2 protein chains.
Amino acid sequence: MARQKEEKLRQVLEYIQHYVAENGYPPSVREVGKSVGIKSTATVYTYISALRDKGFLNKADNKKRAVSLKSNAVNIPLIGTVTAGQPIFAYENYEDYYSLPSEEFGGDDLFMLRVSGSSMIEAGILNGDKIIVHRQENANDGEIVVALVDDSATVKRLFRRDGKVILHPENETMSDMIFDDVKILGKVVGLMRSFRT
Amino acid sequence: MARQKEEKLRQVLEYIQHYVAENGYPPSVREVGKSVGIKSTATVYTYISALRDKGFLNKADNKKRAVSLKSNAVNIPLIGTVTAGQPIFAYENYEDYYSLPSEEFGGDDLFMLRVSGSSMIEAGILNGDKIIVHRQENANDGEIVVALVDDSATVKRLFRRDGKVILHPENETMSDMIFDDVKILGKVVGLMRSFRT
DNA sequence: ATTTTTTATAAACATTTGTTTGCGTTTTTG
DNA sequence: CAAAAACGCAAACAAATGTTTATAAAAAAT
């Protein structure tokens, strides 16, 4: 009966996936059992635990319907407004969620920002674009970063020269900003644009 | 106390959205209450019921954590390769799925394509970008389209002059392509870029 | 100010559901 | 075939959680 188990595990996982897709919330242990043809909740329980141990899903202890699939998507919040004083990751600032494949934008601490202005036009970042930012306090020379200048977030390419920090706009008509120090909010790792109005 | 209610409803809905995005499964009534600052489960219960009645979410009776959001996302397939003979929307060509907010990219018949080449660089469309395309056979003057030229998909701005179709690259170093007729695959409605390797 | 309506609370109740335990059954192993 | 391991089951238990009811507090209306 060694093979049976693998087969059952697959069935259970598949059912959970379907159930979540259909209902928007996870199934209970008993619902899984009924559908897969297992009469004991204990058996289902061990299967689900096994799936968790193998890393196919997440499971919170003692909570009802608290399994979730390891999806290959990350949910990234769009930050409405960056306020200087408050932490970026405060719920109140979340305007929307975007769900993107994690292979591409993987990792934690991601957020999105709406770009205003055309200072990065030559890097292909236009006014109105939404940039995907990895939150970090530092960045390497030449990387595109989001920095806090005058209490608002600005996107520029970062350089360090002679102990100074240079925020370089990719736009011929604009000139570099030079600082002794600058607060970096994160590094730009992606971008999204909509041509709709 | 008339206004309070609307505000609380909004808070509850927002919290549920955040919770689901973070955890993959819905919150319990008590968790909602704790976060929104309502001490009675009964109050939360009425709010959730109200949200269901107003159509903001689905809710199953007597089940734990069985609320689900009315999904506002569209799943858009990334088309691996465009083959001249075969229909674009053949499953075999689907390379991945991207789930994006429908307010922004709403509608059916959307697909994504990977851009190769830099013919649209001045429109902010770079080599390696993924464009979001609405499938349609026609487009208006001045719109950016995906057209089939020599059995492969190309992205250009479309113009019609004197009965001819002009595919105009947004790149100084390249020149227009002029045809009597051209097969249009769709109109570009969005774009996604990843700065990762 | 008084009445009415709305909103919030606490407490109790009813179910669902996660988890554990012990025992039977099947499959594998030697 | 016998022993061991793996698997499944039922039943019971323990929590978490949805739901209802009666009551208090607050806000709005009169």
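Protein chains get the first letters and strands the later ones, always in sequence-line order, with residue 1 at the start of each. Because the structure is a prediction, the values reported are computed rather than measured.
Residue A:Ala66 is out of contact with every strand shown, counting any heavy-atom pair closer than 4.0 Å. The residue B:Lys64 sits close to a base: some heavy atom pair falls under 4.0 Å. Among the atoms of the strands shown, base atoms are found under 4.0 Å from some heavy atom of A:Thr43. Contact annotation for B:Thr46: no contact, since no heavy-atom pair falls under 4.0 Å across all strands.
A salt bridge links B:Asp61 to B:Lys59: at least one charged side-chain nitrogen sits closer than 4.0 Å to a carboxylate oxygen. The residues B:Asp141 and B:Arg160 are annotated as not salt-bridged, no charged nitrogen and carboxylate oxygen being separated by less than 4.0 angstrom.
Looking at the side chain of A:Val29, the nearest of the listed nucleotides D:dC7, C:dT9, C:dT19 is C:dT19. Distance from the side chain of A:Lys59 is smallest to C:dT19 among C:dA10, D:dG18, C:dT19. Distance from the side chain of A:Tyr45 is smallest for C:dT20 among the nucleotides C:dA10, C:dT20, D:dT17. Comparing D:dG18, D:dT21, C:dT16 by their closest approach to the side chain of B:Ala42 singles out D:dT21. Side-chain proximity of B:Ile38 to D:dG18, D:dA10, C:dT9: nearest is C:dT9.
The distance between atom OH of A:Tyr25 and atom P of C:dT17, rounded to the nearest whole Å, is 9 Å. Across the protein-nucleic acid pair, A:Asp61 atom CG and D:dA15 atom P stand 13 Å apart, rounded to whole Å. Note: NZ (B:Lys34) to C1' (C:dA8) measures 19 Å, nearest angstrom. Separating the OH atom of B:Tyr47 from the P atom of D:dT19 is a distance of 17 Å, rounded to the nearest angstrom. Atom-to-atom, CD1 of A:Ile48 to C1' of C:dT19 comes out at 12 Å; the value is rounded to the nearest Å. C:dA8 atom C1' lies 10 Å from atom NZ of B:Lys8, rounded to whole Å. A straight line from CZ of B:Arg65 to P of D:dG18 spans 7 Å, rounded to a whole angstrom. B:Asn58 places its CG atom 16 Å from the P atom of D:dG18, with the value rounded to the nearest Å.
Nearer the 5' end of DNA chain C, as judged by each residue's closest nucleotide, is the contact made by B:Lys39, out of B:Lys39 and A:Ser28.
The base of D:dT17 is not paired with the side chain of B:Thr41 by any donor and acceptor separated by under 3.5 Å. A donor-acceptor contact under 3.5 Å is formed by the side chain of B:Arg30 with the base of D:dG18. Side-chain N/O atoms of A:Lys63 and base N/O atoms of D:dT17 include no donor-acceptor pair closer than 3.5 Å.
Using a distance-only test at 3.5 Å, with no hydrogens or angles considered, a donor-acceptor pair links the side chain of A:Asn171 to the main chain of A:Ser118. Remark: side-chain polar atoms of A:Arg65 are paired, donor with acceptor, to backbone N or O of B:Lys64 under 3.5 angstrom.
Put simply, the residue from B:Val115, B:Ile121, B:Leu191 that forms a side-chain contact (heavy atoms from CB on, under 4.5 Å) with B:Leu126 is B:Ile121.
Here the side chains of B:Glu14 and B:Gln11 are not in contact, with every heavy-atom distance at 4.5 Å or above.
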